[in-house]
Peer 1: 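To start, I am sharing the structure in question, which I have written as structure tokens.
Please read all numbers here as calculations on a predicted model, not as lab measurements.
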Amino acid sequence: MKKAFMGRKQGGAGGSQSPTGFWRSRFKRQIARKAEMLDSFESAGLGWFWSTDAQGRITYLSDSAIERLGWAEEDVLGAELGDLFELENDEGDEAGNRGARPISFLLRSRNSISNLTVRPVDASSEVWLQLAGKPRFDKAGRFLGYRGSANDYTDTRNREREATRLSQFDPLTGLANRHRIRTRLSKALGQNRNMKRNCSVLLLGLDRFKHINDSLGHQSGDELLKQVAARLKRLIDERGEVARLSGDEFLVTLPDVDDRGDLGELANQIIQMISQPYSVGGSRAIVGTSIGIASAPYDGIDTDELLKAADLALNAAKQTRASYRFYSSELKDGAKRRREIEEDLRDAIGRNELAMHYQPIVDASTHKLKCLEALMRWEHPVRGSVSPGLFIPIAEEVGLIKLLGEWALGEACRQACEWPSELRVAVNVSAVQFMAGDFPKVVENALQATGIAPSRLELEITESVFMGDPMQAQRIFGELKALGVRLALDDFGTGYSSLSYLRNAPFNKIKIDQSFVRGSTERDNNNSAIISSIVSLAQALRMETVAEGVETKDELELVTKLGASSLQGRLFSFAVSQEELLEYIGEGSLTYEPRGPERYRADRRTEFRRIGLVHDDHRYSVVLRNLSKTGALVEGLMDVPVGTQIVLDLGGGQLAVATVRRSSGFSQGVEFETPLISDGADGLCTRHRVSPYHIEAAGKPLASLPDDPFAVLRGAKPGTEPQIKPRAFRQADLSGHKACAA
């Protein structure tokens with residue numbers, strides 16, 4: 001090889017090419033082939049090339065890239081790279097914050113770049129590129145510019161974004177999923193702490209959704225969830241974000257909202273909207289929703305604490321269903337009590353702790369006793385009386401309602417046999433109990449075991465039974481009517497009403513819900529028109545009507561005038577035990593005289609609890625007697641002049657500014673500067689609370705509201721009275737009605 005090479009180098013006859021010329025020619029051919037390959041590479045769209053000068057101006061960009069971007073060559077060459085392209089994060093993050101470091105900043109650093117995702121500035125179409133490049137320097141170390149490559153990243157980026165979207169959004173509803181909403185909420189709460197801002201969450205749980213799944217199938221259940229999601233998105237719109245956490249639970253986040261008046265109004269709108277009928281799989285479906293509400297930083301300063309508070313509030317709302325509840329520290333103890341009640345309820349029947357009480361239903365014209373509604377009562381040996389509103393929903397959830405319902409039916413029939421034969425007994429039937437296939441047999445067994453005439457038994461059934469299998473419901477109705485018992489439609493008009501089922505269901509009676517009777521005599525109230533419509537409908541269908549919850553004489557006058565055939569409420573009698581009822585019957589009179597207030601007071605609630613009263617930085621202990629949206633009656637201070645400005649500490653950070661309007665002895669009637677609002681549980685609360693940010697500003701660590709934030713602000717330990725001697729007023733000893741020094 002060496003000899004041959006040397007021979008070629010020396011040349012010879014024929015004028016052979018010199019070695020230098022040979023290698024120069026070969027190099028030129030390689031350059032030409034490389035240029036050809038690069039042209040083919042560029043033309044095929046497999047990649048492009050670019051270069052800049054030391055000032056960042058483009059000196060070269062592949063023709064196919066210019067064409068792909070829809071530009072003209074004269075507009076590209078000589079333009080600065082940073083003016084033509086923007087970084088991916090320049091479009092802004094999810095919070096709307098734009099990138100802080102443009103391309104020109106990166107080029108000035110003169111470092112190698114790779115996988116830099118950019119897009120054309122103000123591009124008419126969505127095109128993304130990925131850039132790579134290296135800085136060039138001359139022998140003296142002077143910077144000459146960049147030389148690099150690029151490729152079309154649009155399809156790859158779209159696939160990656162779709163994969164990211166699928167990981168953050170619920171595939172069924174298109175809403176944010178649990179992971180995304182928790183991440184965004186955590187980020188927002190962190191920013192809020194720095195900026196002293198608020199945030200609220202509404203946790204929604206659908207009522208009776210499981211029943212839809214079981215009766216109509218999971219496919220129909222999925223379709224219903226999609227429709228619920230669409231309604232929520234439409235209602236919330238730009239005010240916040242809606243997410244589906246799992247199953248039938250949804251979460252709404254609302255930045256910069258903490259006014260509980262606004263939150264309660266929105267919750268009511270959601271409840272009304274969700275309860276409207278749905279068309280799924282050719283069938284009509286109805287669900288409701290319960291809502292738990294919590295606000296940061298009041299109820300929690302991080303995501304876990306805030307969502308736990310909302311969950312406790314949701315559990316409380318589910319006890320009444322189709323309602324909302326605000327979180328309060330009392331719910332922590334309530335959750336524990338609920339678990340204990342669930343355990344004790346299983347043994348309540350065996351321990352003879354349950355009893356039936358009876359509330360009279362009287363004729364509207366004569367006030368003569370016609371029927372008695374059987375109401376279950378539970379007297380716990382330790383806790384005392386346990387509200388049916390608490391233990392009945394628990395019984396439904398844990399599967400005890402059939403057992404309790406069967407016992408109640410038998411006990412009511414047995415005790416009714418001791419009454420005069422013309423009196424009927426009305427027994428409430430749970431939707432779960434009603435839809436059980438053996439319910440007609442349970443009723444038949446109770447009739448046979450007690451010997452009561454079937455016509456004396458009235459089964460009160462709520463509208464929720466129609467949200468299940470309509471064919472099974474009609475079959476059960478037919479079997480019950482064949483037994484000869486009477487049927488009453490309970491709580492008519494409370495959100496799930498439909499006239500379609502009245503067409504076929506064989507009811508004897510419609511009960512007008514007490515929510516329509518209460519407040520029906522007030523001005524600008526449509527309740528009386530609703531009552532009149534229900535009465536007219538019942539008369540046309542040859543059904544009786546019962547107006548529930550009649551508590552005042554003006555309500556009595558109105559519902560009687562509107563044509564209700566029967567009346568029920570505390571104006572005539574509370575629910576009484578069997579012994580009390582038999583004693584009254586034994587007196588020989590079956591007529592009840594109305595006893596109660598003349599007029600309805602919409603917002604007055606009887607209270608009896610200790611609260612704080614603040615005046616001139618001095619705190620007093622007083623007793624709250626009456627509470628309304630606009631004012632309260634307090635007792636405990638002597639010689640308080642009319643017109644005095646005070647603050648009532650209602651607990652849980654609720655401070656209500658008020659003015660004394662009436663003062664007599666140790667009793668003062670006060671008027672609130674800002675009316676109270678509904679707390680979602682037939683109670684009242686303030687729109688705003690003491691902000692934990694104010695407590696933090698006073699030198700305390702930021703945390704959710706303590707039980708006694710006023711005491712914390714005053715430097716005392718939570719749960720204790722600040723040691724401040726009153727100056728303006730004397731504290732009254734209510735036990736003996738004597739004034740004493742505080």
Side-chain angles (χ1 to χ4, degrees), residues 30-165 167-168 183 187:
Q30 287 179 332
I31 292 297
R33 283 196 296 270
K34 286 183 178 179
E36 184 180 353
M37 291 175 62
L38 291 176
D39 285 341
S40 300
F41 185 80
E42 287 181 314
S43 300
L46 300 175
W48 303 306
F49 300 99
W50 60 277
S51 65
T52 68
D53 60 15
Q55 286 72 42
R57 295 178 300 226
I58 294 178
T59 58
Y60 177 80
L61 181 61
S62 300
D63 292 341
S64 54
I66 294 175
E67 182 180 355
R68 173 75 173 89
L69 297 170
W71 289 338
E73 185 176 8
E74 59 269 21
D75 296 329
V76 175
L77 299 181
E80 289 193 21
L81 186 68
D83 291 339
L84 295 177
F85 295 99
E86 62 183 358
L87 295 176
E88 181 174 24
N89 63 351
D90 274 356
E91 66 180 321
D93 57 18
E94 291 177 338
N97 302 312
R98 297 187 65 81
R101 295 186 174 184
I103 294 177
S104 56
F105 178 89
L106 298 177
L107 296 180
R108 284 197 298 270
S109 67
R110 299 178 182 178
N111 294 322
S112 296
I113 57 178
S114 63
N115 298 328
L116 186 66
T117 303
V118 300
R119 70 173 178 180
V121 175
D122 300 327
S124 58
S125 61
E126 192 76 1
V127 180
W128 292 87
L129 307 180
Q130 253 190 2
L131 303 182
K134 289 186 176 182
R136 294 184 298 122
F137 301 90
D138 64 12
K139 292 181 179 180
R142 291 188 294 268
F143 175 63
L144 301 177
Y146 272 88
R147 181 178 292 167
S149 62
N151 65 282
D152 191 336
Y153 189 61
T154 308
D155 291 341
T156 302
R157 182 179 182 276
N158 289 340
R159 287 194 296 270
E160 290 176 349
R161 287 175 65 88
E162 178 63 14
T164 301
R165 191 192 69 81
S167 69
Q168 294 185 351
T183 300
K187 182 178 180 180

Peer 1: Once you round to the nearest 0.5 Å, how far does CG of Leu77 lie from CD1 of Ile66?
Peer 2: 5.5 Å
Peer 1: Just to verify, what does Thr183 make a side chain to side chain contact (heavy atoms under 4.5 Å, CB included) with, not counting sequence neighbours?
Peer 2: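 Only His179 meet the side chain to side chain contact (heavy atoms under 4.5 Å, CB included) criterion with Thr183.
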Peer 1: Can you sort out the partners of Phe137 under ring-ring contact (aromatic ring centres under 6.0 Å, His included), two or more places apart, ordered by chain and number?
Peer 2: Phe143
Peer 1: Under the rule for salt bridge (Lys or Arg N to Asp or Glu O under 4.0 Å), what residues qualify as partners of Arg110, not counting sequence neighbours?
Peer 2: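 Counting only residues at least two positions away or on another chain, Arg110 forms no salt bridge (Lys or Arg N to Asp or Glu O under 4.0 Å).
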Peer 1: Side chains of Thr156 and Arg159 only: does a donor on one sit below 3.5 Å from an acceptor on the other?
Peer 2: yes
Peer 1: Between CZ of Phe49 and OG of Ser64, what distance do you get to the nearest 0.5 Å?
Peer 2: 9.5 Å
Peer 1: Which atoms form the tightest heavy-atom contact between Gly82 and Ile103, and what is the distance?
Peer 2: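 Looks like CA-CB, 4.1 Å.
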Peer 1: Minimum heavy-atom separation for Asp75 and Ala79, please, with both atom names.
Peer 2: O-CB, 3.7 Å
Peer 1: To the nearest 0.5 Å, tell me how far Thr52 OG1 sits from Ile58 CD1.
Peer 2: 8.0 Å
Peer 1: Which atom pair, heavy atoms only, marks the closest approach of Trp50 to Leu131?
Peer 2: NE1-CD2, 4.1 Å
Peer 1: Is the number of heavy atoms from other residues, nucleotides or ligands within 6.0 Å of CZ (Arg136) greater than 12?
Peer 2: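 Yes, the 6.0 Å shell around CZ holds more than 12 heavy atoms from other groups.
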Peer 1: Working to the nearest 0.5 Å, report the span between NZ of Lys134 and OG of Ser149.
Peer 2: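 Lys134 NZ to Ser149 OG: 10.5 Å, rounded to 0.5 Å.
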Peer 1: Please identify each residue that fulfils side-chain hydrogen bond (donor to acceptor under 3.5 Å, both in side chains) with Ser112, with sequence neighbours left out.
Peer 2: none
Peer 1: Between atom OH of Tyr146 and atom CG of Asp53, what is the distance when rounded to the nearest 0.5 Å?
Peer 2: 13.0 Å
Peer 1: Could you give me the CA-CA distance, side-chain angles and deciding distance for Val121 and Leu84, then say whether side-chain contact (heavy atoms from CB on, under 4.5 Å) is met?
Peer 2: CA-CA 6 Å; Val121 175; Leu84 295 177; 5.9 Å; no
Peer 1: Heavy atoms, side chains only, cut-off 4.5 Å: are Asp152 and Arg68 in contact?
Peer 2: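 The answer is yes; the side chains approach within 4.5 Å.
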Peer 1: What do you reckon, is CD of Glu73 surrounded by more than 12 foreign heavy atoms closer than 6.0 Å?
Peer 2: no
Peer 1: Within the structure provided, determine whether Leu81 and Leu107 are in side-chain contact (heavy-atom separation under 4.5 Å).
Peer 2: yes
Peer 1: Counting the benzene-type ring for Trp, do Trp48 and Tyr153 have ring centres under 6.0 Å apart?
Peer 2: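 Judged by ring-centre distance (under 6.0 Å), Trp48 and Tyr153 do not meet the cut-off.
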Peer 1: Going by the rule side chain to side chain contact (heavy atoms under 4.5 Å, CB included), which residues pair with Glu67 if we only count those two or more places apart in sequence or in a different chain?
Peer 2: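 In terms of side chain to side chain contact (heavy atoms under 4.5 Å, CB included), with neighbours along the sequence ignored, Glu67 is linked to no residue.
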Peer 1: With Asp83, which residues qualify under side chain to side chain contact (heavy atoms under 4.5 Å, CB included), at least two apart?
Peer 2: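 Scan of Asp83 (side chain to side chain contact (heavy atoms under 4.5 Å, CB included), adjacent residues dropped) gives Glu80.
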Peer 1: Does Val76 form a side-chain contact (heavy atoms from CB on, under 4.5 Å) with Leu69? I'd like the steps, not just the answer.
Peer 2: CA-CA 11 Å; Val76 175; Leu69 297 170; over 6 Å; no
Peer 1: Hey, does the side chain of Thr154 reach the backbone of Val127 with a donor-acceptor pair shorter than 3.5 angstrom?
Peer 2: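 Checked: no pair found.
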Peer 1: So how far is it from Thr117 OG1 to Leu87 CG, rounded to the nearest 0.5 Å?
Peer 2: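 These two atoms lie 9.0 Å from each other.
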